[in-house]
Amino acid sequence: MSRQSKRGVKKVSSIIFCTLVYLFLFLPIIVIVVNSFNATTSKPYLSWKGFTFDWYMKLFDNTALLSSFGNTILIAICSTLLATCIGTIAAVGMYKYKFKGKSAIDGLLYIPVVIPEIVLGISLLTLFTNTHIPRGVLTLVLAHTTFSIPYVIFNVRARLSGYDNSIEEASMDLGANRIKTFFNITLPVLAPGIGGGALLAFTLSIDDVIISYFTNGQTKTYPLKVMESIKSGVAPDVNALSTLILLGTVVLVILTQSGIFTKNKQ
Amino acid sequence: MNDKKVMVEIEGVNKIYGGTNHVVKDLSISVYEGEFLTLLGSSGCGKTTTLRMVAGFEEPTSGSIKVAGVNIENQEPFERNVNTVFQSYALFPHMTIFDNVAYGLKIKKTAKAEIKERVTNMLDLVQLGGFEKRYPSQLSGGQKQRVAIARALINRPQVLLLDEPLGALDLKLRKQMQLELKRLQKKLNITFIYVTHDQEEALTMSDRIAIMNDGVLEQIGTPTDIYERPASKFVATFIGETNLFEGCVSGIEGDAVSVTLETGTVTAKGSDYQMNEMVAISVRPERMQYSFEPVEGFTIEASVKEQVYVGSILKAIVILPNGNEVKIERLAGQSIPTDGKVYLYWNEDDAKLIHSRSQVFFDAVENMTFSSVS
Ligand SMILES: Nc1ncnc2c1ncn2[C@@H]1O[C@H](COP(=O)(O)OP(=O)(O)OP(=O)(O)O)[C@@H](O)[C@H]1O
Ligand SMILES: [Mg+2]
């Protein structure tokens with residue numbers, strides 16, 4: 001085979017491969033988006049009956065679905081804030097100070113990550129029942145915080161591995177006290193790691209099903225609500241909300257990529 | 001110098017890391033106001049540690065440090081009127097060059113217009129005008145180093161600690177920056193404690209040089225003092241090249257000391273030496289005399305091994321009967337032995353007598369010396 005034709009085959013095969021990968025990734029998403037505009041009213045809502053905005057209208061009457069989404073956002077925000085604060089402090093502390101049993105604590109961090117979610121769910125349920133904490137938004141926030149902390153720590157720590165301690169010394173040398181140094185130097189330099197950790201925690205919290213299932217009590221989160229409703233096929237108003245969430249995410253991603261949130265490049 | 005005010009007083013300072021690693025040993029140095037003092041010593045001898053103790057990042061295990069007469073033991077680094085140029089630059093990666101340099105002034109809440117003016121001037125001074133908007137990651141090592149200098153110098157501290165601030169610069173820029181630093185130091189009358197590996201830099205820039213060896217202060221004095229009157233074998237071999245001839249004191253008459261070497265007896269000037277004391281005679285390569293004919297008085301017979309041409313300097317290495325090497329150096333154009341037998345001698349004024357016995361020094365240094373007795 002000549003070199004040129006070899007190259008041609010390579011090119012064609014890589015195009016086919018890429019197309020397949022993207023099709024595989026995006027086909028399900030396309031189905032959801034398309035179906036959210038589907039005018040069909042008969043279950044299982046799959047055959048195409050024309051274009052409509054009806055489901056988006058209906059969505060705003062479906063208070064149960066909307067309130068579950070509200071719960072999800074509330075829980076995600078609270079648990080992200082908590083996990084980010086705790087995780088950042090833990091990562092910085094473990095980076096800066098030497099203490100007994102540090103490596104043991106290091107290893108323990110991986111347990112909430114590798115442990116099957118169902119085990120963590122059951123143990124959290126046991127904990128909450130034994131301590132008589134009424135299950136609801138509070139327990140959901142606590143549970144989500146628990147599994148998010150290690151991810152924040154890992155992210156911040158990755159950032160710390162390239163961190164030069166002497167820049168804090170330089171800041172103090174130039175007259176800034178510890179608090180000013182933390183806010184002027186440490187925090188901004190670690191910000192990408194902290195932000196990444198927070199985003200991860202937020203995402204994990206939003207789509208968590210298993211652990212939420214054990215710790216929710218009467219409170220419904222959006223994923224739990226969706227799980228409930230799929231017994232009779234995915235209702236198009238769920239598709240509509242999913243499409244809106246998707247839209248929100250895409251806008252966020254575009255904003256971050258275009259560097260609106262990152263004032264300073266590294 | 002003695003009528004001047006003492007600016008930094010390091011008194012009996014020891015630093016022990018982790019209970020056993022004795023890094024700085026009983027160090028006492030007084031640095032005068034407006035003085036340019038250089039700490040010189042081999043890698044790992046405790047120079048950075050000493051600076052860090054003055055800056056406040058490390059606590060002395062014992063001893064005291066005073067700045068402008070005040071004991072700074074209980075002062076935090078940000079309370080000390082001392083600024084540091086870090087060996088690792090330590091620039092703030094998330095700030096532009098302008099913000100890096102302006103940091104100290106911003107913390108002091110200096111007026112915006114003044115900050116802008118001073119930063120611009122400072123950057124021009126270190127030849128980085130126009131780099132204001134760049135980030136440290138977009139600079140070369142030498143440029144970073146100059147930003148670090150600018151960032152510290154702009155605060156006009158009482159004392160500036162510089163840890164090998166010109167290490168990453170090429171020869172030309174380094175010479176320029178040496179002159180610039182020295183000029184600024186005199187103009188602003190800032191006390192400099194300067195660390196360097198480069199002995200030429202130390203000799204040309206410093207008012208005084210402190211030579212450290214393994215945490216111990218070996219000698220402190222003016223560049224001439226250090227070069228012409230080394231107090232120990234370590235100093236003699238560390239500053240410039242020298243030839244050491246070891247021997248034993250065999251007679252004392254006033255300040256004339258007779259020293260018996262392996263190859264004969266020679267007199268040298270010196271006080272406070274004792275009979276039978278082990279001493280070394282140091283003769284710089286450029287002061288080494290030679291002749292192709294035997295000369296009267298003390299001589300050492302040797303044979304020429306090789307000549308080296310180093311730019312404007314000619315060097316010859318000759319071998320003594322006992323196998324040790326002696327270096328001879330002349331400016332280009334002067335004559336230098338090329339081969340065959342030579343007879344070495346020196347003028348009494350060029351021979352420096354050094355106490356030998358109680359000197360602690362590295363094996364590495366021992367190997368570098370050209371002693372006539374092994
Ligand atoms: N934090 C520390 N803990 C333990 N030992 C240390 C610490 N910092 C420095 N040392 C040791 O102290 C000794 C002196 O270190 P220092 O950094 O002062 O050397 P230096 O004279 O600045 O060397 P160089 O010229 O290579 O920069 C070294 O042997 C080093 O290993
Ligand atoms: Mg050092």
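Residue numbering restarts at 1 for every chain, and letters A, B, ... go by the order of the sequence lines.
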Pairing of B:Lys186 and B:Asp207 as salt bridge, 4.0 angstrom limit: yes
Can you tell which of A:Glu169, A:Lys180, A:Met172 has the highest number of heavy-atom pairs within less than 4.5 Å of chain B? A:Glu169
Side chain, backbone, both or neither: which part of B:Arg151 has a non-hydrogen atom closer than 4.5 Å to chain A? both
B:Leu161 versus chain A, the contacting section by heavy-atom distance below 4.5 Å: neither
Could you check whether B:Lys106 pairs with B:Asp99 (Lys NZ or Arg NE/NH1/NH2 to Asp/Glu carboxylate O, under 4.0 Å)? yes
Would you mind checking which part of A:Asn165 comes under 4.5 Å of any heavy atom in chain B, side chain (CB onward), backbone (N, CA, C, O), both or neither? neither
Side-chain H-bond candidate by donor/acceptor type, B:Asn71 with B:Ser64, under 3.5 Å: no
Between A:Asp164 and chain B, with a heavy-atom cut-off of 4.5 Å, which part of the residue counts as in contact: side chain, backbone, both or neither? side chain
Please flag which part of B:Val82 lies under 4.5 Å from any non-hydrogen atom of chain A: side chain, backbone, both or neither. backbone
Can you name the nearest heavy-atom pair linking B:Leu39 to B:Lys47, along with the distance? O-CD, 3.9 Å
Ion pair check, B:Arg146 and B:Glu180, cut-off under 4.0 Å: no
Distance, nearest 0.5 Å, that separates CD of B:Gln158 from CG of B:Leu188: 13.5 Å
Examine whether an atom of B:Asn155 lies under 4.5 Å from a heavy atom of chain A, and if so say whether it belongs to the side chain, the backbone or both; otherwise answer neither. side chain
